[in-house]
There are 2 protein chains.
Amino acid sequence: MTPPSSLRSLRWFGLVLLWPLLLQAAEPLPSWNDGPSKKAIVSFVEAVTTQGSKDYVAPAERIAVFDNDGTLWSEQPMYFQVLFALDEVKRLAPEHPEWKEQQPFKAVLEGDMKTVAAGGMEGLMKIVGATHTGISTEAFTANAEAWLAKTKHPKSAKPFTEMVFQPMLELLDYLRANGFKPYIVSGGEVVFMRAFAEEVYGIPPEQVIGTTFVTQYQYNDGKPQILRMPKLAHNDDGPGKPETIDSVIGRRPILAFGNSDGDLQMLQWTAGGSGKRFMGLVHHTDAKREWAYDRQSSIGKLDKALDEAKAKNWTVVDMASEWNRVYPYDTAATGQ
Amino acid sequence: MTPPSSLRSLRWFGLVLLWPLLLQAAEPLPSWNDGPSKKAIVSFVEAVTTQGSKDYVAPAERIAVFDNDGTLWSEQPMYFQVLFALDEVKRLAPEHPEWKEQQPFKAVLEGDMKTVAAGGMEGLMKIVGATHTGISTEAFTANAEAWLAKTKHPKSAKPFTEMVFQPMLELLDYLRANGFKPYIVSGGEVVFMRAFAEEVYGIPPEQVIGTTFVTQYQYNDGKPQILRMPKLAHNDDGPGKPETIDSVIGRRPILAFGNSDGDLQMLQWTAGGSGKRFMGLVHHTDAKREWAYDRQSSIGKLDKALDEAKAKNWTVVDMASEWNRVYPYDTAATGQ
């Protein structure tokens, strides 16, 4: 049966409109070379989204979780949130004349990073406490946004929000286009990450899970505010990740991506569910375009998780060979 | 210009398909009489969803928060979760012979509710701890589901999941149809509520916020589980509600509905944002179809919040006069 000519021309017009969409569907993940990781991702997504497939997963259950530091953006020479805290100590110093004589603040102000590092976790928590708490969520968000807007990375001289991984942005888009709901589940502090996650990753605040401080609701003169207290509520690292996935999301993810031993438990928890699962690690192997580090690194140490990934056949992304572009500003794709 | 006949018939066909949708749009909230509350709800929703209106709110910001006990379902003669805990003590008693001599368990097993009540909050926490913790999230969910499936309410003899408020179910639907994202923010324990919230309210687990226990990730013999510990992590009542809205959702709601003083801070927090806001209270005034209680009640006490609602012109729903149907099984609507 031949359709009437008006319908035929409509159909032709429709195809023209659909063309870019078809092209996109034919070529997802352009910054990923046709290596084993891209193949594993595409094969997983096709399996769980094909109606009637034995691996089919209903859209509501397509929960994907991503670590942030080292997985969605870089984390060298230091977690970007720590660089923010150090800068905040300098910005706030005029209001705290006592810091000139008080460690670890004195060392931060003098640029003596050796002494800062020697202060270890305890010193760092003092710095984070002084710069991240004692103010409202709104005020802290404004501080984080101001810093992100004006500060450049010490090596690349780019804004931190441009040091996100182009292949991971494409992966987030690809998953969303296939009905997934991507969450960040990260050791980073949750309000700091929310200051850029929606704009940079398209991940809304309610899909950002992270380390939290105790907060206190206050109601002074009819003006309510949420005050951030200098006490950790939840450390969202290692075993803290599946714990917070369980308490906040209440569903087990079917896809998890991390890059360090701090993500191991999240990957185990994801792997432990029934049905098809995807567990991935970004392996920082590219000293030229990004950084190369794993088992010996103090930042983003990848050791036990790398062994477990190999033993269990999880996907390990070799950044140097599998990504033809690292950052969005790297326009010169090398191809394969 | 007259369109070609094929297009005209297409248009007619489209109208026929749209008819049920148009009918629905013309008559939202059928179980609400045309009283002040329904008018306030509809007027608010129209204001924030009309493009170009000065009160327009983008869909992503249309966060709505609902208390559960007494707001979405009944809470008399006792919070349903407490009834569950008491039943669980009886079910688990054979595994705990020591309970026969140990308060408050002895009193529960003997049906001596006077002694149970005399144990106060401390006694209740022992009962809740013994029945809600020490097991995995999965095992607890299964216990809650089993109880909900087989247990009837002592007064209505209906399953608890049928003692939800039909007008609130319609409100949830109406809000979702208008691009809102409804959350439960309740003093109820989060995993207990997730056992029925999706099926009964259409609210998925990740939109259920409540009281939480500390959990512990465990990895024994390669089988990961989340163990519930007998220690409160967050008490999601009173000031705990805006705190958890801030930490979990990270956006301020534009609509909040509660029924007791435990919801006051959530309503204040919602009211404190800029732009148009909706704050509502369900007032239990219907001793015949449900229960009548407010300022003097030990369950769902509504006193300070009622004063503040009146002073600030928040919406107070008079259940007796504004709802023509309370439960879904009340088929005989009285009309207006």
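Remember, it's a predicted structure, so these values are computed and weren't measured experimentally. In what follows, chains carry the letters A, B, and so on, assigned in the order in which the sequence lines appear, proteins first and then strands, with residues in each chain numbered from 1.
- Atom-to-atom distance recorded for A:Glu243:CD and B:Thr215:OG1 is 4.5 Å, nearest 0.5 angstrom.
- Shown here is A:Lys312, whose NZ atom has more than 12 heavy atoms of other residues, nucleotides or ligands within 6.0 Å.
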Exercise for review: Just do the side-chain contact (heavy atoms from CB on, under 4.5 Å) check on A:Ile226 and B:Trp269 with the steps written out, would you?
Suggested key: CA-CA 9 Å; A:Ile226 307 289; B:Trp269 178 240; 3.5 Å; yes

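- Distance check, rounded to the nearest 0.5 Å: CG of B:Leu264 to OH of A:Tyr219 gives 7.0 Å.
- Most heavy-atom pairs under 4.5 Å with chain A: of the set B:Lys223, B:Gln225, B:Gln216, this distinction falls to B:Gln216.
- For A:Lys181, the part sitting under 4.5 Å from any heavy atom of chain B is the side chain, from C-beta outward, and nothing else.
- Contacts between B:Glu308 and chain A at a heavy-atom distance below 4.5 Å involve the side chain alone, from C-beta outward.
- Looking at B:Tyr183, the atoms closer than 4.5 Å to chain A (heavy atoms on both sides) all sit in the side chain, from C-beta outward.
- The two residues A:Pro205 and B:Gly250 make their nearest non-hydrogen contact at CB-O, 3.9 Å.
- Within a 6.0 Å sphere centred on CD of A:Glu199, other residues, nucleotides and ligands contribute 12 heavy atoms or fewer.
- Of the two parts of B:Arg228, neither the backbone nor the side chain holds a non-hydrogen atom closer than 4.5 Å to a non-hydrogen atom of chain A.
- Using a 4.0 Å cut-off between charged nitrogen and carboxylate oxygen, A:Arg251 and B:Glu198 count as a salt-bridge pair.
- Looking at B:Glu138, only its side chain comes within 4.5 Å of chain A, counting heavy atoms on both sides.
- Taking both residues in full, the closest heavy atoms of A:Pro224 and B:Gly272 are given as CG-CA, 4.2 Å, listed atom of the first, atom of the second, then distance.
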**Study point:** side-chain contact (heavy atoms from CB on, under 4.5 Å) evaluation trace for A:Tyr217 with B:Gln268
**Key:** CA-CA 10 Å; A:Tyr217 173 78; B:Gln268 288 170 343; 2.5 Å; yes

